[in-house]
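The next block holds one structure in the form of structure tokens; read it before the comments.
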There are 2 protein chains.
Amino acid sequence: MGNSENQLHCLDCANKAECFSHLSKNELTKVTDSKVSIYYNKGEIIRKQGTFVSSILFVKKGITKIYKEFDHAENVSIVDFRKPGQLIGLPDIFTASIIQYSVSALTDCEVCSIDIRLFEKLLTENGGFAVGVIKSINNQTSNTIDFHIQNNYKQLHGRIAHALLVLSKNVFESDVFNVPFTRRDFAEFTNMSSMSVVRILKIFRSDKLIEMKDGLITLLDKAKLEHISRVG
Amino acid sequence: MGNSENQLHCLDCANKAECFSHLSKNELTKVTDSKVSIYYNKGEIIRKQGTFVSSILFVKKGITKIYKEFDHAENVSIVDFRKPGQLIGLPDIFTASIIQYSVSALTDCEVCSIDIRLFEKLLTENGGFAVGVIKSINNQTSNTIDFHIQNNYKQLHGRIAHALLVLSKNVFESDVFNVPFTRRDFAEFTNMSSMSVVRILKIFRSDKLIEMKDGLITLLDKAKLEHISRVG
DNA sequence: TAAAAAAACTGATTTATATCAATTATTTAA
DNA sequence: TTAAATAATTGATATAAATCAGTTTTTTTA
């Protein structure tokens, strides 16, 4: 973890969140002045459940995971992931004062931290911005809710197939996961034991639905995975 | 189901959603003109998964349940509930064109239906309204996500205890459930079989944690229920 | 580069929970 | 008001998945 040397103006940020396009140059300058950009190494904790909400985070680079800790972090459920261009903490706006879920870096990450007071101020002053934020929130939370509702309805084979497809489509945006994603991550995302994950991934491999090499996962037969996701 | 005879002006609505307090008299008149108020009998379907999104609903009276249908509604997972003063369909705003979850009346209900185009127009024009809506969305979705994340982590006794507490606190707003809530509703809300629900409620009854009489459920020992919810 | 730690894997066993198959009670409808 | 339908209940049985206990492989660190 460390501060970024070059505090880029948000105007010049290549992959800023869609909602920021509704801000004026003046407003973006305010954001630039209030923000800090921070690097996190793979595995580092970005924010911690139970602490005070002070900022909205913007993922500039890397994949982050949002997770709920149980029993003093002995057990964990992964709630969702955030990738470049996405904001973290939107559901806290105007509501939560305590952070509900921890966030950590699944890969090396660069994250911008924006003062939540400023973010809320901009929302009240700029209706277009508010509309953009509503869009973001709705996309994020709808996906999260639907994933878990579906996941919990399925049996284990269906859960893994479903998770593979969702990760490919919504998170890694590729049929090849070039991201370190452990058996335990699968387990914590799908509510199952890591041993069961191992067993099912093995079956999927021998059935040529996926390939696993050098820590990379490749989806070979998405149609069959879709089918297992539905009926499994 | 039937139309309400008296189309009350939203200004005079006793329990309107908090966000409507940000609308001007003129804006509220527009809402009044566009809305229809409808009565639903217990059990009737209010909106159906898979159809087009055309409105935002406002619960004026009664309790509604939001649920996902699987396998042509042979199986169901209850996502959440909405009570008087709450809006239904907020996550569809600016995003979904197809309704993701069905909604039905758990009790006799009165529901206002507001054209979603008008709702979206008001959001772009009135920043205060947008802020109010963000608040509502965040409250609703945070509760929903957290309920299911917690539910799925727990074993069956914990699930029922947790569900009882959440229903009491967030939905029925009373330690006595004066609402018809079947074993099957419990099962569909907590992802378990209705036989398991029966067995666990029986244990809770004999342990004097709850009382069940005339279809009413009363929470007798919330402290113990909290404990079971945590460790169970 | 070796040692230590973490992750992946495997088979045997246990356990929580669903399913099955009835019976009884309660609603709803005719 | 009775018949029909739906919901609640119960015990016996089946089974999916977790846990346990270990081994092997991979990754990290010293």
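Labels below follow one simple rule: chain letters A, B, ... track the order of the sequence lines, proteins then strands, and each chain is numbered from 1. Small disclaimer: the values here were computed from a predicted structure and weren't measured.
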Between [atom2] of [N] and [atom1] of [X], the distance in whole Å:
{"X": "A:K213", "N": "D:dT26", "atom1": "NZ", "atom2": "P", "value": "14 Å"}
{"X": "A:R159", "N": "D:dA16", "atom1": "CZ", "atom2": "C1'", "value": "11 Å"}
{"X": "A:K42", "N": "D:dT29", "atom1": "NZ", "atom2": "C1'", "value": "14 Å"}
{"X": "A:I203", "N": "C:dC9", "atom1": "CD1", "atom2": "C1'", "value": "13 Å"}
{"X": "B:N191", "N": "C:dT17", "atom1": "CG", "atom2": "C1'", "value": "13 Å"}
{"X": "B:L156", "N": "C:dT19", "atom1": "CG", "atom2": "C1'", "value": "14 Å"}
{"X": "A:L106", "N": "C:dA7", "atom1": "CG", "atom2": "P", "value": "13 Å"}
{"X": "B:M195", "N": "D:dA8", "atom1": "CE", "atom2": "P", "value": "12 Å"}

**Asked** For A:Q155 and A:R184, take the nucleotide of DNA chain C holding the closest heavy atom to each; which residue's nucleotide lies nearer the 5' end?
**Response**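 Result: A:R184.
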**Asked** Do you see a donor-acceptor pair shorter than 3.5 Å between the side chains of A:T141 and A:T144?
**Response**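 Per modelled atom types, A:T141 and A:T144 side chains form no pair under 3.5 Å.
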**Message:** Taking atom types as they are modelled, would you say the side chain of A:R199 forms a donor-acceptor pair with the base of D:dT19 within the 3.5 Å cutoff?
**Reply:**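 Such a pair is found, so the answer is yes.
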**Asked** When the nearest nucleotide of DNA chain D is assigned to A:D214 and to A:M192 on a heavy-atom basis, which residue is associated with the more 5' position?
**Response**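 It is A:M192, whose closest nucleotide lies nearer the 5' terminus.
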**Request:** Could you tell me whether B:S193 contacts a base, only the sugar-phosphate backbone, or nothing, with contacts defined as non-hydrogen atoms closer than 4.0 Å?
**Result:**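 Base contact.
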Looking at [X], I'd like to know whether one of its side-chain N or O atoms comes within less than 4.0 Å of OP1 or OP2 on [N].
{"X": "A:R205", "N": "C:dC9", "value": "yes"}
{"X": "A:T182", "N": "C:dA7", "value": "no"}
{"X": "B:K202", "N": "D:dT10", "value": "yes"}

**Asked** Taking 4.0 angstrom as the limit, do A:D185 and A:R183 come out as a salt bridge?
**Response**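 A salt bridge is absent here (no side-chain N lies under 4.0 Å from a carboxylate O).
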**Asked** B:V198 side chain: which of D:dA18, C:dA18, D:dT10 is closest?
**Response**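 Among D:dA18, C:dA18, D:dT10, the one nearest the side chain of B:V198 is D:dT10.
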**Message:** Name the residue from A:F177, A:F181, A:F147, A:Y101 that meets the ring-ring contact (aromatic ring centres under 6.0 Å, His included) definition with A:F81.
**Reply:**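 Single ring-ring contact (aromatic ring centres under 6.0 Å, His included) partner of A:F81 among A:F177, A:F181, A:F147, A:Y101: A:F181.
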**Asked** Nearest 0.5 Å, what's the CG-CD1 distance between A:L87 and A:I93?
**Response**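 These two atoms lie 8.0 Å from each other.
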**Prompt:** Parallel under 30°, tilted from 30 to 60°, perpendicular over 60°: which one fits the rings of B:Y153 and A:F70?
**Reply:**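 Judged by the thresholds at 30° and 60°, the geometry between B:Y153 and A:F70 is parallel.
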